[in-house]
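Proteins get letters first, then strands, A, B, ... in listed order; numbering begins at 1 in each. Heavy-atom basis, side chains included; hydrogens, waters and symmetry copies ignored.
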Amino acid sequence: MSNELKLYNSLSREKETFQPLKEGYVGMYVCGPTVYYDAHLGNCRTFISFDVIYRYLTHLGYRVRYVRNITDVGHLLDDGEDRMLKGARLEQLEPMEVAQKYTVGFHEMMRIFNVLPPSIEPRATGHIPEQIEMVQDILKNGYAYEVNGSVYFDTLKFMQQTGLYGTLSGRNVEELMAESRDNLKNQSEKRHPADFAIWMKASPEHIMRWRSPWSEGFPGWHLECSAMSTKYLGAEFDLHGGGNDLKFPHHENEVAQNFGSCQCKGARYWMHTNMLLLNGKKMSKSDGNTISPHELIAGDSAHVTKGYSPMVVRFFMLQTHYRSTLDLTDEALQAADKGFRRLMDGHKTLQSLQALPDAQPGALDAELLELMAGVADEMNDDFNTPKALARIFELVSRINALKGGQLSLDQVAPDTLDRLKQLFQEFIFGIFGLQNDDAADGDDGTLDGLMQLIIDIRAEARTRKDWGTSDKIRDALKALSLQLKDGKEGTSWGREV
RNA sequence: GGUCGCGUGGCCGAGUGGCUAGGCAAAGGUCUGCAAAACCUUGUACAGCGGUUCGAAUCCGCUCGCGACCUCCA
């Protein structure tokens, strides 16, 4: 396998070799949340996926500027009411108070799932001038028109003149163009159903409003991503990501706006994560088929039999490729729980292995090296985390066998063992972003010391063949969900799942 | 209705023409004072039907089932 990075580009619908615009640097934009409601697990999956991608690109040595926005204005509901305004009315809060509340909640959730903060996290409301400028540019280029203080993107004209519309989302342009004005219903300001607002005149009761050359109003939903990606990453940049459900119309319109404003191509590679399903259906706030991250962690939901730690959930998600749908079920989570524990135990065991200086590297050494190389190879193939994890689990088997004595360390070169330790550290924690739950308990080492004492006392009892005492200790610990593992080299312990 | 995608062993989930994915569960064995843990072994899996091919889970066609997008959604 080659060590060049390949990724699936939604634009071409093919895996392509990744070639950044500027060697050594990557500009990456991911559509962030709309902060008018609590983040749900689907959001988490997408941001965890891109977190791993961000981490891996960094691992490869790229200097990555990762921009992930916060949308706090412009997102319209079916009835045309601004989402921020809706939230404000329901809870009697200022719109920015709503945005702030859910932004904080979102950040907290990202922290819980160990998602790294992006390099820049721009807010739509903080970039009104940039958006107004973009509307002006689009108007100047003739791809928009003003009606009663609102400005609409002239999608029909754009389609006819550039032929660029629909490429990303695979729309049938003929069909889009064929739609008549009859489909417009009450939104009669638009000339064509495919047109979309880039500036909206605010109705009298609308709270969020800014002055513009056309009216006091607010920017259209799709505009902020075009404006902010251009501002921070340039007119053309490397990667743009987001959930699959944003492909149309959001991303398609983004591309149109970029080109319509400056003939800019925008992102060269588009990446889309697939949906998280619950009981075989898409998780969605609107139809109630949902479980919140808090509920999942606490086990406070009819969908799960117990709570799952954030790291188990993260691991669960990494066991599926980002472009596949993932069906969340209690059974699958239980399997992930145990698998995650096995991975963590394997890592712990590995770090305890001591190399033999006079080892004679043989077939085992070669096998380890091959498996290790495979981990990176899989990641280079469109960030295939499930396959990379499969390679790591194969390594875990070897590690356990080395510990258990079924395989011998005198066949492993000290350098190979060192590299293996380093690889586990880098991939499990640095790239997959997993954390050991035990460490997250706030354990300061007291427990470990206590356990060591108990293990020593039990070992003494065992040398006396005092099985009663030995078993009493073992059973009592088991009742506390602490498991003793007797091995050739002594006894170790861990938490039971 | 239109567009796109999916259907893999008990469960989850990789895999795109020949070569063991992996995790969980299950069975047998090794180890153990007994266990557990660990290790080893074990699954005639690719929705159905037909076709292409020396060879298909993988390509083509049809059928059935499911999902996503088309409207707010990561």
When you measure from the side-chain N and O atoms of [X] to the phosphate of [N], is any distance below 4.0 Å, counting only OP1 and OP2?
{"X": "A:Asn384", "N": "B:G15", "result": "yes"}
{"X": "A:Lys338", "N": "B:A25", "result": "yes"}
{"X": "A:Arg342", "N": "B:C39", "result": "yes"}
{"X": "A:Ser324", "N": "B:A14", "result": "yes"}

A:Trp467-B:G33 aromatic stacking (under 5.5 Å, under 30°):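 Given the distance and angle limits, yes, they stack.
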Watson-Crick or G-U wobble partner for B:G2, using a 3.5 Å limit on both distances?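 Its partner is B:C69 (Watson-Crick or G-U wobble, both distances under 3.5 Å).
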According to the Watson-Crick and G-U wobble definitions, with both distances under 3.5 Å, which nucleotide is paired to B:G9?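 Across any shown strand, B:G9 pairs with none.
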With a non-hydrogen cut-off below 4.0 angstrom, is [X] in contact with a base, only sugar-phosphate, or nothing?
{"X": "A:His250", "result": "nothing"}
{"X": "A:Lys281", "result": "sugar-phosphate"}
{"X": "A:Leu484", "result": "base"}
{"X": "A:Gly242", "result": "sugar-phosphate"}

Taking the side chain of A:Ser470 as its heavy atoms from C-beta onward, which of B:G33, B:G22, B:C31 lies nearest to it?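 Looking only at side-chain atoms, A:Ser470 lies closest to B:G33.
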Where the side chain of A:Arg171 is concerned, which of B:C69, B:G33, B:G23 is the nearest nucleotide?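 Given the options B:C69, B:G33, B:G23, the side chain of A:Arg171 is closest to B:C69.
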Counting N and O atoms only, with roles assigned by atom type, does the side chain of A:Ser150 sit under 3.5 Å from a partner on the main chain of A:Met200, one being a donor and the other an acceptor?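 No; judged by distance alone, with no hydrogens or angles, the pair does not exist.
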Can you tell me, in whole Å, how much space there is between the [atom1] of [N] and that of [M]?
{"N": "B:U8", "M": "B:A57", "atom1": "C1'", "value": "7 Å"}
{"N": "B:C12", "M": "B:G55", "atom1": "P", "value": "33 Å"}
{"N": "B:C39", "M": "B:C24", "atom1": "P", "value": "9 Å"}

Look at the side chain of [X] against the base of [N] and say whether a donor-acceptor pair falls under 3.5 Å; ignore hydrogens and angles.
{"X": "A:Arg474", "N": "B:C34", "result": "yes"}
{"X": "A:Asp486", "N": "B:A35", "result": "yes"}
{"X": "A:Asp337", "N": "B:G23", "result": "no"}

Ring-plane angle category for A:His272 and A:His251, please: parallel below 30°, perpendicular beyond 60°, tilted otherwise.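 Tilted, since the angle between the ring planes falls between 30° and 60°.
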